[in-house]
Protein chains: 2
Amino acid sequence: MTTKLRRQSKIKELVQKHQIASHEELLEYLAKEDIEITQATLSRDFAAMGIIKTITEKGMKYSVSADETGRDIVKIIGFEVLGIEHNESVVMIRTLAGRAQGVAHFIDRTHIPEIMGTLGGDDTVLIIPKSVKDIKKIVQQIGNYLTEDT
Amino acid sequence: MTTKLRRQSKIKELVQKHQIASHEELLEYLAKEDIEITQATLSRDFAAMGIIKTITEKGMKYSVSADETGRDIVKIIGFEVLGIEHNESVVMIRTLAGRAQGVAHFIDRTHIPEIMGTLGGDDTVLIIPKSVKDIKKIVQQIGNYLTEDT
DNA sequence: CATAATTATGCATTTATTTGCATATTATAT
DNA sequence: ATATAATATGCAAATAAATGCATAATTATG
């Protein structure tokens, strides 16, 4: 496991274990684990990992977003998706086994307006369009999400 | 999308679209798409992506393994897993939403002998041990899989 | 079994990514 | 509205990863 991956794993652990309200606080916890980075690097880690500010009864704290809005998710989806196809009525995304639900989750969060609903099976995501006229547009937009610069 | 990711995406597409029986053949298809790499790089891509030789009625061909045995999967699992916990009887892995099945799939393929079965929900993987005596061992082994050098 | 073809890998070089620095931008407190 | 604190980001330097070269290792073929 590389230094960065180890660091990010530790960040995830610390953020779940403690009520951390600032970058500075987390940098102190990391320093205790012999991980020395600057606030700038931590800021980028948060963005990559999808760590967000949330409000609890104790005040504000950082949390790993349940809906993984982190920037690195696109690379993961790219790895998981095998292909995108469609017929006259539906769009189908084929994925690696067991990974369709994660991909469906990602598609849901793109909020593509032409999509009526998604169904994730084991290795297939079914995308139901609001109108079959939008199928090409849906395929185009999904393709855009998957290829946008990282 | 970076050069490498784009290349790997194209590799996936070509391998599914054509009956490709050697690295050299695929390098020719890639060259047609203005992607020039050496056989050594392609070999590493195959390993990272989990592309394997399979036998079809037409002979041998390369395929994307449905069970993603590629080396890069460990980084993905690491990103998806939020934590591993256990009580006296079961091991539980918490994941990002929608990603438990993919993680369960990975756990299945580790073939850890002490595991009786796994159940992947939406964001939780339940691991049933063959004996509760093996719980610590299971947690240890899973941790090892997730931290081995990449 | 020998040879040819194909694939995998150690090492050095090249390329890409990560990181820190400094500061811009945004959020919070007064 | 202003000051302070906290976070995000452009750029250059540092570091890590990727890649090619050459060849070792493995597999396929005769």
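A quick note: this is a predicted structure, and the numbers were derived from the prediction, not measured. Letters A, B, ... mirror the listed sequences (proteins, then strands); counts begin at 1.
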Taking only the side-chain nitrogens and oxygens of [X], find out if one of them lies under 4.0 Å from OP1 or OP2 of [N].
X       : N      : value
B:Arg7  : D:dA18 : no
A:Ser43 : D:dA8  : yes
B:Thr41 : D:dG20 : yes
A:Tyr62 : D:dT7  : yes

Original post:
Taking the nucleotide of DNA chain C with the closest heavy atom to each, which residue, A:Ala40 or B:Thr3, is nearer the 5' end?
Top reply: B:Thr3

Rounded to the Å, how far apart are [X] [atom1] and [N] [atom2]?
X       : N      : atom1 : atom2 : answer
A:His23 : C:dG20 : NE2   : P     : 14 Å
B:Glu24 : D:dA28 : CD    : P     : 16 Å
A:Arg6  : D:dT15 : CZ    : P     : 17 Å
B:Arg44 : C:dA8  : CZ    : P     : 11 Å
B:Met60 : C:dA5  : CE    : P     : 16 Å
B:Lys75 : D:dA17 : NZ    : C1'   : 9 Å
B:Asp72 : D:dA17 : CG    : C1'   : 12 Å
A:Arg71 : D:dT9  : CZ    : C1'   : 10 Å

**OP:** With heavy atoms under 4.0 Å as the rule, sort A:Leu42 into base, sugar-phosphate or nothing.
**Re:** nothing

**OP:** Assign B:Glu36 to base, sugar-phosphate, or nothing according to its heavy-atom contacts below 4.0 angstrom with the strands shown.
**Re:** sugar-phosphate

Original post:
Is the closest basic N to carboxylate O distance between A:Glu80 and B:Arg99 below 4.0 Å?
Top reply: yes

Original post:
Checking only heavy atoms, does the side chain of A:Gln39 share a donor-acceptor pair with the base of D:dA6 at less than 3.5 Å?
Top reply: no

Original post:
Are A:Asp108 and A:Thr118 close enough that a side-chain donor and a side-chain acceptor fall under 3.5 Å?
Top reply: yes

Subject >> Distance-only side-chain donor-acceptor flag, A:Glu25 / A:Gln19, under 3.5 Å >> reply: no

**OP:** Choose from D:dT19, D:dA6, C:dG20 the nucleotide whose nearest atom is closest to any side-chain atom of B:Lys4.
**Re:** D:dT19

Subject >> Of the listed nucleotides C:dA27, C:dG20, D:dA22, the one nearest the side chain of A:Lys53 >> reply: C:dA27

**OP:** Only one of A:Ile51, A:Leu26, A:Ile35 passes side-chain contact (heavy atoms from CB on, under 4.5 Å) with A:Leu42; say which it is.
**Re:** A:Leu26

**OP:** Mind listing the closest non-hydrogen atom pair of A:Ile11 and A:Phe46 along with its distance?
**Re:** CG2-CE1, 4.1 Å

